[in-house]
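Notes for the one structure printed next.
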Amino acid sequence: FLIVLLDQATLAVEVTFQVDLSIQKSKGRFVSSEDIIEVRGPFNGWSGGTELEQDAINSSIYSLPVEVADGEGAFVDYKFVVVDSANVVVWETEVGDGQDNRSFEQQAADHTLPVVFFDNLSVDPGAGVDVTFQVDMNKVTQSFTTPEVNGFWNNWCGNCNAMSDP
């Protein structure tokens, strides 16, 4: 008789990661036709290549099953990452109070993690809020043409939001 004993910790189970990108899409921070969303953690050496797939029913949800070899009860860190069309990598930063990474407790069998929002942003913090920018140019001595307002909302576009003198 041949008896084979396997260490439970060495058996990989399939963990399905899920992320909601609805707010990132509405803010222009994720363009599904150009950008990709990945999950990174010790299970892939915190490197790329684990691209999540868009859900057929809800186009804001992305998911991917990944083989994770950590044993039952182990806490496994991970983060979602957006890779834009210029290959710029944007890591999640807001994953929980005082937390550097997201984490889950490994189960003995295949399992699906709950859907989470990228950066835990579940509402658009600027939706419907008008903002007025003002600048006093009276003491500016350099030759300026027109001041402008740039930020993430216009992809830091120069010459896109010129200010006017009221």
Side-chain angles (χ1 to χ4, degrees), residues 1-131 150-157 160:
F1 289 95
L2 178 63
I3 298 175
V4 178
L5 299 175
L6 297 175
D7 181 1
Q8 182 75 9
T10 61
L11 297 177
V13 298
E14 192 171 84
V15 177
T16 300
F17 294 87
Q18 303 182 100
V19 64
D20 185 323
L21 294 174
S22 57
I23 303 301
Q24 302 304 317
K25 285 180 170 186
S26 73
K27 301 298 288 174
R29 297 178 187 164
F30 183 84
V31 179
S32 56
S33 62
E34 300 173 10
D35 304 332
I36 62 172
I37 181 79
E38 297 180 336
V39 62
R40 296 185 182 183
F43 45 83
N44 64 3
W46 293 96
S47 63
T50 49
E51 182 178 341
L52 282 73
E53 298 172 1
Q54 191 174 38
D55 186 81
I57 298 170
N58 183 339
S59 64
S60 292
I61 305 292
Y62 288 73
S63 64
L64 181 72
V66 176
E67 294 290 320
V68 179
D70 294 71
E72 181 180 3
F75 286 91
V76 182
D77 288 345
Y78 70 100
K79 275 189 180 177
F80 292 106
V81 176
V82 170
V83 182
D84 72 12
S85 58
N87 214 26
V88 173
V89 177
V90 179
W91 291 80
E92 282 189 294
T93 56
E94 300 297 325
V95 296
D97 292 333
Q99 302 297 313
D100 291 329
N101 302 308
R102 295 183 182 277
S103 68
F104 67 91
E105 186 174 358
Q106 181 68 306
Q107 307 298 310
D110 296 350
H111 57 285
T112 300
L113 300 178
V115 176
V116 295
F117 286 91
F118 188 91
D119 264 345
N120 285 339
L121 196 57
S122 61
V123 296
D124 186 342
V129 177
D130 290 329
V131 177
N150 298 306
F152 66 86
W153 63 88
N154 67 0
N155 291 320
W156 297 96
C157 175
C160 290

All heavy atoms of E105 vs all of G73, minimum pair found to be OE2-CA, 3.6 Å
Exercise for the section: Could you tell me whether a side-chain N or O of D110 sits under 3.5 Å from a main-chain N or O of V13, the two making a donor and an acceptor? Expected result: no
Please set out all donor-acceptor pairs under 3.5 angstrom arising from side-chain atoms of residues 30-37, sequence neighbours excluded.
residue	atom	partner	partner atom	Å
D35	OD1	S85	N	3.2
D35	OD2	V31	N	2.8

Q) Are Q106 and V15 close enough, and set up right, to give a side chain to side chain contact (heavy atoms under 4.5 Å, CB included), and what steps lead you there? A) CA-CA 8 Å; Q106 181 68 306; V15 177; 3.6 Å; yes
Verify the neighbour count for atom CD of E14: are there more than 12 heavy atoms of other residues, nucleotides or ligands below 6.0 Å? yes
Interatomic distance, CG@D100 vs CH2@W91, rounded to 0.5 Å, equals 12.0 Å
d(D20 CG, N58 CG) to nearest 0.5 Å is 6.5 Å
Sequence neighbours excluded, the answer for side chain to side chain contact (heavy atoms under 4.5 Å, CB included) partners of S63 is T16, Q18
Note: S103 and Y78 closest approach over all heavy atoms is N-CE2, 3.9 Å
What one should report as the nearest heavy-atom pair of V19 and F118 is CG2-N, 3.6 Å
* Asked: Will you find, in the side chains of R102 and N120, an N or O donor that is under 3.5 Å from an N or O acceptor?
  -> yes
dist Q107:CD -> D70:CG (nearest 0.5 Å) comes out at 12.5 Å
Side chains of F17 and F104 in contact at under 4.5 Å (non-hydrogen atoms) = yes
CD1 of I61 to CG of D55, rounded to nearest 0.5 Å, is 7.0 Å
So CD of Q24 and CZ of F80: to nearest 0.5 Å the spacing works out to 12.0 Å
Please tabulate, for the side chains in residues 42-51, all donor-acceptor contacts under 3.5 angstrom to protein atoms that are two or more places apart in sequence or on a different chain.
residue	atom	partner	partner atom	Å
N44	OD1	G41	N	3.0
N44	OD1	W46	N	3.1
N44	ND2	V39	O	3.0
N44	ND2	S47	O	3.1
N44	ND2	T50	OG1	3.1
S47	OG	N44	O	2.7
T50	OG1	V39	O	2.3

Value for CD (E92) from CZ (R40), rounded to nearest 0.5 Å, stands at 12.0 Å
Within the 4.5 Å heavy-atom criterion, are Q54 and S60 side-chain neighbours or not?
no
Query raised in the report: Counting distance only, does the side-chain N/O of K27 pair as donor-acceptor with the main-chain N or O of S22 below 3.5 Å?
Result: no
(request) I would like to know whether V68 and V76 meet side chain to side chain contact (heavy atoms under 4.5 Å, CB included); could you show each step before the answer? (result) CA-CA 9 Å; V68 179; V76 182; 4.3 Å; yes
